[in-house]
There are 2 protein chains.
Amino acid sequence: MSERPVPRVEAVDRALQLLVALADAGPDGLPLAELAGRAGVNKSTAYRALSTFRLRGFATQDTASGHYRLGPAAFELGDRTFGPQNLAQALHPALVALSQATAELVHLGIMAGQYVLYLDKVEPERAIRVWSAVGQQVPVASTAMGRALLAAREVPDQQLGSYLRHLPAATAVAADRLRETVAHARRHGYAVEIGENEPDVACIGTAIMRGNTAIAALSITALAERMTEARQAELSRLIVREVTPLLPDGLALPATLIDGA
Amino acid sequence: MSERPVPRVEAVDRALQLLVALADAGPDGLPLAELAGRAGVNKSTAYRALSTFRLRGFATQDTASGHYRLGPAAFELGDRTFGPQNLAQALHPALVALSQATAELVHLGIMAGQYVLYLDKVEPERAIRVWSAVGQQVPVASTAMGRALLAAREVPDQQLGSYLRHLPAATAVAADRLRETVAHARRHGYAVEIGENEPDVACIGTAIMRGNTAIAALSITALAERMTEARQAELSRLIVREVTPLLPDGLALPATLIDGA
DNA sequence: CCTTGCGTTTCATTGTATGAAACGTTACGT
DNA sequence: ACGTAACGTTTCATACAATGAAACGCAAGG
């Protein structure tokens, strides 16, 4: 029952309360005196803390009114935690587990405009070499990952056509095929691609959600002849079983995928 | 070219860099010494700053490894800016303008589970805020706002049925009717409801987007007899014209609504 | 023209943030 | 089992930097 004095830095403590007050202020911001009052700090102290915020991008100041608003750096805090470089690191164990459980090649990627950008790749122990390269960009429309992301982001059918422009001839995709695969992904939580990028190579892909936002996707690659519908269902169950327990706090698989498992 | 010394608080400045380092650390967090190194601060200083973060929920510490991770308060920073209480304040001018331009009753609401929660309401003749209906919850399925939100969130048709359970008898909605109205909203950016909550009362509603996430909705209420298809189209154009210039940075109307105007 | 309210600056004083080093654990390699 | 390294935590004297009251300059409004 002994009192444990928690070491705290007064200046930092006040700054954090000021940061919360800034966030509570909303898009229009608040004048300095009001912020100082809400955070319970002296006006001068608040001014210097806010100047420091501004210096680091945690606050911006309306040039006309002088009001202070929350800055972009504060907005990005949460995004950085699950940004590309951290994602690859955080999800690598899940990829390894999935690759071992399926004995297949596994990829992690994010959407970058019209393309899916590969962030990580894990090959099974006994690997037959298949096409893949981290850092490579492949069209959204022709990949399982991209289709899973389109479904998870609830992109309406009308907008799907925009992903069909500028496709390399080798990966031409019919509009019907894209609609069909995305619809499948909306229902089942995973998307498929069979020989649409490389002959005899097939993938199934699923999105990775933070809240109700799709921030990444993973895919399993196999020989097309092995990617039967039964195998697809089996792989989708394996994803749920292997990946779920290894996801960092705040991330999840699509609800439709879990429901189907 | 005079040097303008920007007032800064050293402790706060160091704390902010530590916060960024925390965010960069990702979901697994980092040990104290590593964070201190990255932020360029002394280990003791980092420890006290992180203790202060913990105190305010900006950091959490893994009980097993001792690693520090970004806390929930940091995640919420961005969300608070566009949270319910601030939304109502930030969007009130837009509601007033819309009410004046249309001479109709205007509501603002957010989705809360199976219901739409009213945050604000503006009546045409007096600009006084009437709080009577604010705070009220109405079913998602039977309201224009709810249908607009379902469409903007790209909820697939298969999931719409879940919003039809537990409806009061007075607002019973057929599954076909719900699908039809949501489909309409997906196409045109606005949803309609005609006499489905109160006899002779009709609404059109549209979502309000932050990025590609629907965070709120607004609706215009009128007598059902006046809500002709022509009037609906006119109102949707008025929404685009009146609301768009009054939206805070970072918020937007649905693209499909703007395209139709 | 005066007043009011705002963000900003000044300045002396004190308090407090600081860093080096020591401490107590835990986990690991031998 | 031992020694060792790495970690988070605590201590402590010192100096520096954070502090608040008040003054400043500026713009807007009556």
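Letters go in sequence order (proteins before strands), and every chain restarts at 1.
A heavy atom lying under 4.0 Å from DNA chain D marks none of the residues of residues 58-69 of chain A. Taken residue by residue, residues 12-39 of chain A places heavy atoms nearer than 4.0 Å to DNA chain C at A:P31, A:L32, A:A33.
The CG atom of A:L50 sits 10 Å away from the P atom of C:dG7 (whole-angstrom rounding).
A search for salt bridge (charged side-chain N to carboxylate O under 4.0 Å, His left out) contacts involving A:R54 returns nothing, not counting sequence neighbours. Scored by the salt bridge (charged side-chain N to carboxylate O under 4.0 Å, His left out) test, A:R231 finds A:E104, A:E234 as partners (sequence neighbours excluded). Evaluation of the side-chain contact (heavy atoms from CB on, under 4.5 Å) rule for B:A59 yields B:L22, B:F53 as partners, not counting sequence neighbours. Residues passing the salt bridge (charged side-chain N to carboxylate O under 4.0 Å, His left out) test with B:D24, sequence neighbours excluded: A:R80. Residues passing the side-chain contact (heavy atoms from CB on, under 4.5 Å) test with B:A74, sequence neighbours excluded: A:L77, B:F58, B:L70. In this structure, the side-chain contact (heavy atoms from CB on, under 4.5 Å) partners of A:R8, at least two apart in sequence or on a different chain, are A:E10, A:D13, B:T52, B:L55. Listed by chain and residue number, nothing satisfies the salt bridge (charged side-chain N to carboxylate O under 4.0 Å, His left out) test with B:R48 (two or more places apart in sequence, or in another chain).
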>> Let me check I have this right: for DNA chain D, each base becomes ., (, ), [, ] or |, based on Watson-Crick or G-U pairs with both distances under 3.5 Å. What is the full string?
In response: ||.|||||||||||||||||||||||||.|

Would you be so kind as to tabulate the donor-acceptor pairs closer than 3.5 Å made by side chains of residues 29-45 of chain B, with sequence neighbours excluded?
from  : atom 1 : to    : atom 2 : distance (Å)
B:E34 : OE2    : B:R38 : NE     : 2.9
B:N42 : OD1    : B:S44 : N      : 2.7

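B:T206 has its side chain within reach of B:P254: a pair of non-hydrogen atoms, C-beta onward, lies under 4.5 Å apart.
Closest-nucleotide positions on DNA chain C for A:R8 and A:Y47 were compared, and the one nearer the 5' end corresponds to A:Y47.
At D:dG20, one or more side-chain N or O atoms of A:T45 fall inside 4.0 Å of OP1 or OP2 (strictly under the cut-off).
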Could you list all N or O pairs between the protein and nucleotides 20-23 of chain C that sit under 3.5 Å apart?
from   : atom 1 : to    : atom 2 : distance (Å)
C:dA20 : OP2    : B:N42 : ND2    : 3.4
C:dA20 : N6     : B:S44 : OG     : 2.6

